[in-house]
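Structure, as structure tokens:
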Number of protein chains: 2
Amino acid sequence: MKTSCQHRHRHSHKKQELAALTSRLRREARKITGPRAAILEILRHHPHPLTNKEIFAQLPKGECDLATIYRAMQMLEKLGMVKRFDFGDGAARFELVGEGDDGHHHHLVCTRCAEVVEIAECFPEEIERRIANTNGFTGVTHRLEFFGLCPECQK
Amino acid sequence: MKTSCQHRHRHSHKKQELAALTSRLRREARKITGPRAAILEILRHHPHPLTNKEIFAQLPKGECDLATIYRAMQMLEKLGMVKRFDFGDGAARFELVGEGDDGHHHHLVCTRCAEVVEIAECFPEEIERRIANTNGFTGVTHRLEFFGLCPECQK
DNA sequence: AGCCAGTTGCAAACGGTTTGCAACTGGGTG
DNA sequence: CACCCAGTTGCAAACCGTTTGCAACTGGCT
């Protein structure tokens, strides 16, 4: 069965250079400010989606305002440098996305300890296409996350 | 290809009798009050998930408080009489669930006009099982919704 | 060096949801 | 059938994540 994804996503966790990130910003006529560099630095070192509050907590205190993080994430999302995920707990989470990558992928989240595993599998293309055709929809994508009990929490 | 769901869900839209609903409530030692009957009455006539505010708007005005709806939906969800869905717009939606049904299913939502279509397809069981096994997780489920442009909105 | 669009911090506003509390009531009991 | 109380309700305030108005500030161009 073919289950690969139509979306380009490199499941490499190699960190992007900060310089590469800032040059992407500059290219979009965005300023490289202290808060932004600090936020990118945090995201860069984090393999899993972070909430704005988590980013805030990791910032050297006083480095920047929470509102600034919200604004930065909005901008980074619009530029496609960051992808927004929703684990259903009412707080958006963000993950850095490589250049040329659309960041589409899914997670397996422990419902007890919130551990997150990145998942390679995706919803089968052909079924999604069938769903779109059957209902006459175009530009169909999906939001998909898995939930369960992680090995640690089963003990 | 086998894509059916391991979860029992009858995609019948036949309305449940109000009497059946209230007897389920009574069985759980819950009181049948005016607000609750009115809420069930609304849900019963609605094929698609409703937000609490939408339910509120359909209630004869003054029938009950918004907080009461929130409390009712929490209770109904706990009793398994209602299923919560999340279309990613920050408002929970609820759909009545038949007895013996777990309500697990998915939707295709128009990103422009918010039209909702119920989807029969589900994430393939065997892949989900593989994901669970590979990562040592148990009790794995998923949250899955599709988004696209409906036929009307393509014009 | 100077300028200005873009950015920031702060505080207030916002929208969905929850909660404390006092008044009320469904439905079982005597 | 009247009584009683756990469960329920309305109201208002609290909550929490997120957005926004505004005045002060600054990156990076000229």
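Letters go in sequence order (proteins before strands), and every chain restarts at 1.
- Going from atom NZ of B:K78 over to atom P of C:dT18 covers 11 Å, rounded to whole Å.
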In B/S/- notation (B base, S sugar-phosphate only, - none; protein heavy atoms under 4.0 Å), nucleotides 25-30 of chain C written 5' to 3' is BBS---
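- Side-chain contact check for A:E121 versus B:R130: some heavy-atom pair is nearer than 4.5 Å.
- Note: CZ (A:R27) to P (D:dG28) measures 15 Å, nearest angstrom.
- Residue A:L40 contributes atom CG, which lies 13 Å from atom P of C:dT7 at whole-angstrom precision.
- A:E54 and A:H46 share no side-chain donor-acceptor pair at under 3.5 Å.
- Between A:L43 and A:L21, every side-chain heavy-atom pair lies at or beyond the 4.5 Å cut-off.
- Distance CD (B:Q74) to C1' (C:dT19): 10 Å, rounded to an integer number of Å.
- Looking only at atom types and distance, the side chain of A:H45 has no donor-acceptor partner in the side chain of A:Q58 under 3.5 Å away.
- Looking at A:R27 and A:E99, a side-chain N of the basic residue comes within less than 4.0 Å of a carboxylate O on the acidic one, giving a salt bridge.
- Using a 4.0 Å cutoff on non-hydrogen atoms, the parts of residues 49-71 of chain B near DNA chain C are B:K53, B:A67, B:Y70, B:R71, ordered by number.
- By the 30° and 60° cut-offs, the orientation of the rings of A:F85 relative to A:F87 is tilted.
- A:M73 places its CE atom 16 Å from the P atom of D:dG17, with the value rounded to the nearest Å.
- Remark: the backbone N or O of B:L149 is paired with a side-chain donor or acceptor of B:Q154 at under 3.5 angstrom.
- Interface residues of residues 86-93 of chain A facing DNA chain C, ordered by number: none; criterion, heavy-atom separation under 4.0 Å.
- Using a distance-only test at 3.5 Å, with no hydrogens or angles considered, no donor-acceptor pair links the side chain of B:H107 to the main chain of B:V116.
- Ring centers of B:F146 and A:F123: under 6.0 Å apart, within the cut-off.
- Between the side chain of A:E41 and the backbone N or O of A:L59 there is no donor-acceptor pair closer than 3.5 Å.
- Checking side-chain atoms of B:R143 against main-chain N and O of A:E145 turns up no donor-acceptor pair under 3.5 Å.
- Remark: P of D:dT8 and CD1 of B:I39 are 12 Å apart, rounded to the nearest angstrom.
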